Amino acid sequence: MNKNDFRKAQIAQLNAHAAQTQAAGADLLRQLLTLPVWQHANTIATTVSSPIEVPTEPLIKAAKAAGKTVYLPKTMPKRQLAFLPDDGPRITSKFGIPEPAFDVTKQNQNVDLVIVPGVAFSLDCHYRLGFGAGYYDRFLAEYSGPTVSLVAPVQQFDTAQWPVEIFDWPVDTLITTDLKNSL
Ligand SMILES: Nc1nc2c(c(=O)[nH]1)N(C=O)[C@@H](CNc1ccc(C(=O)N[C@@H](CCC(=O)O)C(=O)O)cc1)CN2
Ligand SMILES: Nc1ncnc2c1ncn2[C@@H]1O[C@H](COP(=O)(O)OP(=O)(O)OP(=O)(O)O)[C@@H](O)[C@H]1O
């Protein structure tokens, strides 16, 4: 199947399994908190999740409670992402995603840990398929720090069932959970 058709089918699956994905969040977060790469990070980047994604609000709260600075992406022209601290009001973008206000003096593209979103992940080579605009592919081409993705059962594939391209970057660490942790 081509990438766009696979992505469309997979987004339909994410919608159908949204409750299961929300339920998986607690176990995925529990595992994240045990990772040295999390524990040692002073600055972390994540997203504001939509209802079909692994919930990130508990992760944001846990990071702040641990004294970390949380950065969120703001979508910029030319499909670039600017990472800005989650320290003020969030403004909903034209894509419906709440984002921090742009302030070049606060921008940080080199945080200690990036939590990478996606619609599907391959467990063998850690490839990810995103929502399709290439924002993270472009960002990861420039970022050399550690990456982790929280993978709900519906997002797990033993091997990529979609075409992997030259600009696709594997994620360092995939955290997965059993279906029984999501019921
Ligand atoms: N929660 C969350 N936030 C995130 C991401 C994500 O995956 N999850 N992103 C991960 O990358 C970035 C936003 N990703 C996006 C991915 C696709 C489209 C999109 O398809 N937009 C148009 C098409 C516009 C175009 O082709 O330029 C659309 O809605 O039709 C928008 C944003 C940053 N924030
Ligand atoms: N490093 C890059 N530089 C320029 N263009 C890129 C780069 N990486 C990806 N692209 C372009 O971005 C587009 C979207 O790529 P793809 O379909 O793989 O997105 P995705 O992985 O689903 O999205 P995302 O990375 O936002 O989650 C492609 O047309 C690709 O050519």
Side-chain angles (χ1 to χ4, degrees), residues 1-15 18 21 37 41 43-57 59-60 63 68-122 125-152 154-157 160-175:
M1 209 188 288
N2 76 42
K3 221 174 189 179
N4 280 332
D5 289 348
F6 184 85
R7 180 182 290 113
K8 227 191 248 171
Q10 182 61 9
I11 290 174
Q13 286 299 308
L14 296 188
N15 275 288
T21 296
V37 76
T43 52
I44 68 132
T46 184
T47 54
V48 178
S49 56
S50 72
I52 64 169
E53 298 180 295
V54 172
T56 56
E57 216 56 60
L59 184 165
I60 292 170
K68 304 181 195 303
T69 305
V70 175
Y71 287 80
L72 299 173
K74 177 169 168 53
T75 49
M76 304 292 285
K78 297 189 185 160
R79 294 185 169 173
Q80 302 281 326
L81 290 177
F83 285 90
L84 294 151
D86 182 33
D87 62 359
R90 297 175 185 163
I91 303 147
T92 301
S93 74
K94 62 175 191 257
F95 303 126
I97 303 170
E99 299 179 336
F102 186 71
D103 179 342
V104 73
T105 67
K106 293 183 179 176
Q107 187 177 350
N108 182 358
Q109 302 299 98
N110 193 28
V111 296
D112 298 334
L113 173 65
V114 175
I115 313 289
V116 184
V119 306
F121 297 87
S122 78
C125 297
H126 293 195
Y127 285 120
R128 63 175 282 278
L129 180 69
F131 281 92
Y135 285 106
Y136 273 89
D137 290 333
R138 280 185 188 74
F139 168 67
L140 292 174
E142 306 291 327
Y143 174 75
S144 58
T147 53
V148 174
S149 293
L150 306 185
V151 185
V154 66
Q155 298 172 309
Q156 291 179 31
F157 293 82
Q161 320 250 310
W162 60 92
V164 173
E165 293 173 275
I166 189 84
F167 50 75
D168 283 317
W169 291 87
V171 176
D172 295 335
T173 307
L174 298 183
I175 299 179

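Since the model is a prediction, treat every value here as computed from it, not as a measurement.
- The closest donor-acceptor contact from the side chain of T21 to the backbone of I52 lies at 3.5 Å or more, if one exists at all.
- Of all the heavy atoms in T47 and T56, the pair that sits closest is O-OG1, 2.7 Å.
- Note that the CD atom of Q161 and the CG atom of L129 stand 11.5 Å from one another [nearest 0.5 Å].
- The two residues D168 and P163 have their closest heavy-atom pair at OD2-O, 4.2 Å.
- Under the 3.5 Å distance criterion, the side-chain polar atoms of S149 are matched with a main-chain donor or acceptor of V116.
- Sorted by first and then second residue, the side-chain hydrogen bond (donor to acceptor under 3.5 Å, both in side chains) pairs involving residues 101-119 (not counting sequence neighbours) are T43-D112, D87-K106, D103-T105, Q107-Q109.
- The environment of K8 atom NZ is sparse: at most 12 non-hydrogen atoms of other residues, nucleotides or ligands sit within 6.0 angstrom.
- For P170, the side chain to side chain contact (heavy atoms under 4.5 Å, CB included) partners are H126, Y127, not counting sequence neighbours.
- The distance from atom CD of Q155 to atom CG of L14, rounded to the nearest 0.5 Å, is 5.5 Å.
- Residues W162 and V164 have side chains in contact (heavy-atom distance under 4.5 Å, counting atoms from C-beta outward).
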- Task: Decide side-chain contact (heavy atoms from CB on, under 4.5 Å) for L140 and F167; before the verdict, give the C-alpha distance in whole Å, the side-chain angles of both, and the deciding distance to 0.1 Å.
- Result: CA-CA 9 Å; L140 292 174; F167 50 75; over 6 Å; no

- side-chain contact (heavy atoms from CB on, under 4.5 Å) between V70 and T46, worked out: CA-CA 7 Å; V70 175; T46 184; 4.1 Å; yes

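- The minimum heavy-atom distance linking P51 with A18 is given by the pair O-CB, 3.7 Å.
- From Q156, atom CD reaches atom CG of L174 across 9.0 Å, with rounding to the nearest 0.5 Å.
- We find the CD1-NZ distance between I60 and K68 to be 14.0 Å, quoted to the nearest 0.5 Å.
- Rounded to the nearest 0.5 Å, atoms CE (M76) and NZ (K78) are 11.0 Å apart.
- Using a 4.5 Å cut-off on side-chain heavy atoms (C-beta onward), V151 and I175 make no contact.
- For the atom pair CZ (R128) and OG1 (T147), the distance works out to 9.5 Å, reported to the nearest 0.5 Å.
- Qualifying salt bridge (Lys or Arg N to Asp or Glu O under 4.0 Å) partners for R90, counting only residues two or more places apart in sequence or in other chains: E57, D86.
- Atom CD of E165 has more than 12 neighbouring heavy atoms from other residues, nucleotides or ligands inside a 6.0 Å radius.
- Closest non-hydrogen pair, F157 versus A120, comes out as CE1-CB, 3.6 Å.
- Of the possible polar contacts, one joining the Q10 side chain to the V154 backbone as a donor-acceptor pair under 3.5 Å is found.
- Ring centroid separation for the pair F83 and Y143 does not come in under the 6.0 Å cut-off.
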